[in-house]
Structures are given as C-alpha cells and as structure tokens.
Amino acid sequence: MAQHNAFYAQSGGVTAVINASACGIIQTCRRESDRIGKVYAGHNGIIGALTEDLIDVTQESDEAIAALRHTPGGAFGSCRYKLKDIETHRTQYERLIEVFKAHDIRYFFYNGGGDSADTCLKVSQLSEKLGYPLTAIHVPKTVDNDLPITDNSPGFGSVAKYIATSTREAGLDIASMCATSTKVFVLEVMGRHAGWIAASGALAGNGVSEPPHLVIFPEVPFVRAAVMARVDEAVKQYGYCVIVVSEGARYEDGTFLADAGNTDAFGHRQLGGVAPTLAGMVKQDLGYKYHWAVADYLQRAARHLASKTDVEQAYAVGRKAVELALDGKNAMMPAIKRVSDAPYEWRVEAAPLAEVANREKFMPRDFIREDGFGITPACRRYLAPLIQGEDYPPFENGLPTVAKLKLARVERKLPEFKL
C-alpha cells in the first residue's frame, strides 16, 4: 500500500486532555509508518492549513510526543475560526485541498467540537467533488459535553472533576466562616447552552443540605423570585448558601442573565459574567454578604486534577481516528459508547459526521431535579464514572512538567493566501 502523509489540527477552546488525543493520533500514525509517512500539524488549527503554516511533527522525539498526554492547552495552537458555507466561501475549501495536495496529505484529523465536525464534513464532501482522495475524521473534544451520539465528550470529565472538587473545597471554606462573614458564594462555570458542567458541581455534595445548595442550568428558565427564595431558605437553614451557575443561565424569553451584547468569531453571544450579576441580585434582594468566582480557563486547563477516565478516553478516540482512516472510513467521528454504569465500561465506535455536525446535546429533563435546582440520581449515575481516577502529571521542582516541542515549520510550496 502506498504511503501518504497526515494532517492534524486543533480547534476551538482547548481542554486539559486535547493533547492526549493528539498523542493518540501521532503515536498510532508512527506505528503505521508503512502506510502513513509524515504527520503535519496546523499551526493555530485550521488557519495553519489555509496559510500553509505547517508543523513537521515527524521531527518531534518519541519522549516529547509521549509528554503530550499530560500537557494541557493546545500544543500546536488552536483557533476560533469557522469556515463559512462552501457556496459563498468555496475558495477557502479549495485552498485546503490545494495545500493537502501539495504536501501529499491524504488523512485529515480535525480535533474539536460541533463547528469542527461541520468543517470536517464539508472538507470531506468537497474533496470528493474535486476528485481528491482525502479521508477526513473528526476527533471529538469539548468541555461542554454537548456533542451528539458520543456518550460524553473528551475534555468534559476533567472539567467535571475540577468543578466538583472546587465546589466541595469552597463550600467548606464558606461553611467555616459564615457565622460572621460570607453567607453566599457563587461559582460561575462554562456552558453556554448545556448545563453539563454546572451539573457536575452537584457531585460535590449528597442531599439538599450539602453544597451546592443551588445549581442553575441554561435548560431551566431563570426566575429571580424563586432563586432568591431558595437562597434565603438555605442561609436560614444551614447558615450559608453555595450556588453553581452556568454562564448560559437565561430568562424565559431566552435572554442571557449576563449578555455582553457582542458575538465571538463563531457568531455566539459573548457573555459578561453571570456570577457578579447573580451576586448583585443576592445583595439587592436579600442583603447577604457574598463572594463570587469565575472558574474560566482554570477549569479547562487543570491537567493536574484530570480525570483518569477522561485522559484514557481522549487518547482512545485519537487512536481510533487513525484506525478508522486506515480502514477507509471517511467523514466519521470516533464516539464513546457506554456499556455499563457499574462497573463502568465503555468502547469506541464510529459515528457518521452527518449525524454529528450542527447538533447539540442538552441535559435531559430527567437529569434535572423537579425543582430545577439540582440533579437527579440518574444524572449522578451518568456523571460519577466520568470523574473517576487520577492521572497526575510528573512534577519537577514542585510544578507539573509539560511537553517541550520543536514546532519545526514545513517549507511552503504555494503562493500566500489571505484569510
């Protein structure tokens, strides 16, 4: 069988384990060196392909590639850049094919969320129309856990572990000081449309008396009076109240609590901080002293507290992506299939990209408590296995070590391309 090259790119917001998927892809490609020649990575994601800014991963040592498994961030650079529809921006897609053709790239691995799945599918479709033999595989990644078909998305389990841990630790802090100090603590977590991360905060406690006393989901319309009544009840019953709120919390009419009035590169509304907004309501309506925090990048960068399950699954989907490509499975995504909850068992199967692109998976209503402020036992059964196990990175001088890459550039063969 002829030997051809592979291209890998990272897309969108990174996770604590996206590089574990990169590790799985690259190590598997190296084991299949009779069929896959060089592995190139796009510098800053798909932009690297458009501008022909390629990294020669072949020059990286085996040790450096292995270290990707415990390195957070996006080792090759990611980007928030969504390719538009083929009809009006055909030149961008044709440019990708030109770059792939110039460097004999026949395998395209795109590591990202829903928007990347859409791009991967479109590239696959255009390459077929243009008669260029390209096998395109989408590698799932998103902390939001909102990709369809796959049981969960690599990146989510580690965020869930971090948020559950932080909620428990902060709860103990507030409980110890509430008699004379802070009564209400608000933790804002990621999740624009789906409340999976907020739900994971509920793993910190068991029963309504333990923090978090409220979880506020995007899927449940925000009613100020009801939320304030529950906060007041918790403070009076337990002396304090801990709230985990999703950044996407919204009113009945769909308006975000913290709409900043702008949009990002993907056209999503930019949110301006729901934690201070909610804390301000607590102060205004109830007069309680409060503190708030925004988990922000810390939740998705916390590789030191990554879920072992998440690391193993991130690596596994990377490995499976290469296996699918070599089997000729085009326009597919390796998806995690849950076999059982206890003991937790899973496997990786192929899912058609046409059933993944432009679709979101929301929290099922039976995962949210009837009062809308917590999770059900069914949700706990779903979430609990995803945060299991520890996979600590190696430490040196008290700090975690990370991969040190050469990031050697590949010589350009084509004219410059303007984005």
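- No side-chain heavy atom of K122 sits less than 4.5 Å from a side-chain heavy atom of L83.
- Using bins of under 30°, 30° to 60° and over 60° for the plane-to-plane angle, the ring pair Y382/F367 lands in the tilted bin.
- Shown here is M177, whose CE atom has no more than 12 heavy atoms of other residues, nucleotides or ligands within 6.0 Å.
- Evaluated for a side-chain hydrogen bond (donor to acceptor under 3.5 Å, both in side chains) with Y315, the options K320, R69, Q27 yield exactly one hit, Q27.
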Go through I65 and V57 one step at a time and tell me if the side chain to side chain contact (heavy atoms under 4.5 Å, CB included) criterion holds.
CA-CA 9 Å; I65 297 305; V57 181; 4.0 Å; yes

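- Here the side chains of F156 and T142 are not in contact, with every heavy-atom distance at 4.5 Å or above.
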When you look at D151 and W346, which way does the side chain to side chain contact (heavy atoms under 4.5 Å, CB included) test go after all the steps?
CA-CA 9 Å; D151 175 75; W346 55 277; over 6 Å; no

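- One finds the CD atom of Q299 at 4.5 Å from the CD1 atom of I163 (value rounded to the nearest 0.5 Å).
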Show your working on salt bridge (Lys or Arg N to Asp or Glu O under 4.0 Å) between E416 and K418 and close with a plain yes or no.
CA-CA 7 Å; E416 184 180 355; K418 295 290 186 182; 3.4 Å; yes

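- One finds the CE atom of M333 at 6.0 Å from the CD1 atom of I149 (value rounded to the nearest 0.5 Å).
- Between the side chain of H138 and the backbone N or O of A331 there is no donor-acceptor pair closer than 3.5 Å.
- A donor-acceptor contact closer than 3.5 angstrom links the side chains of Q313 and N152.
- Between D371 and R369 there is a salt bridge, since a side-chain N of the basic residue sits under 4.0 Å from a carboxylate O of the acidic one.
- The shortest distance between side-chain heavy atoms of F362 and P218 does not fall below 4.5 Å.
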Given the rule in the side chain to side chain donor-acceptor pair (under 3.5 Å) test, do R30 and S33 qualify, once you have shown the distances and angles that lead to the verdict?
CA-CA 5 Å; R30 289 186 174 188; S33 58; over 6 Å; no

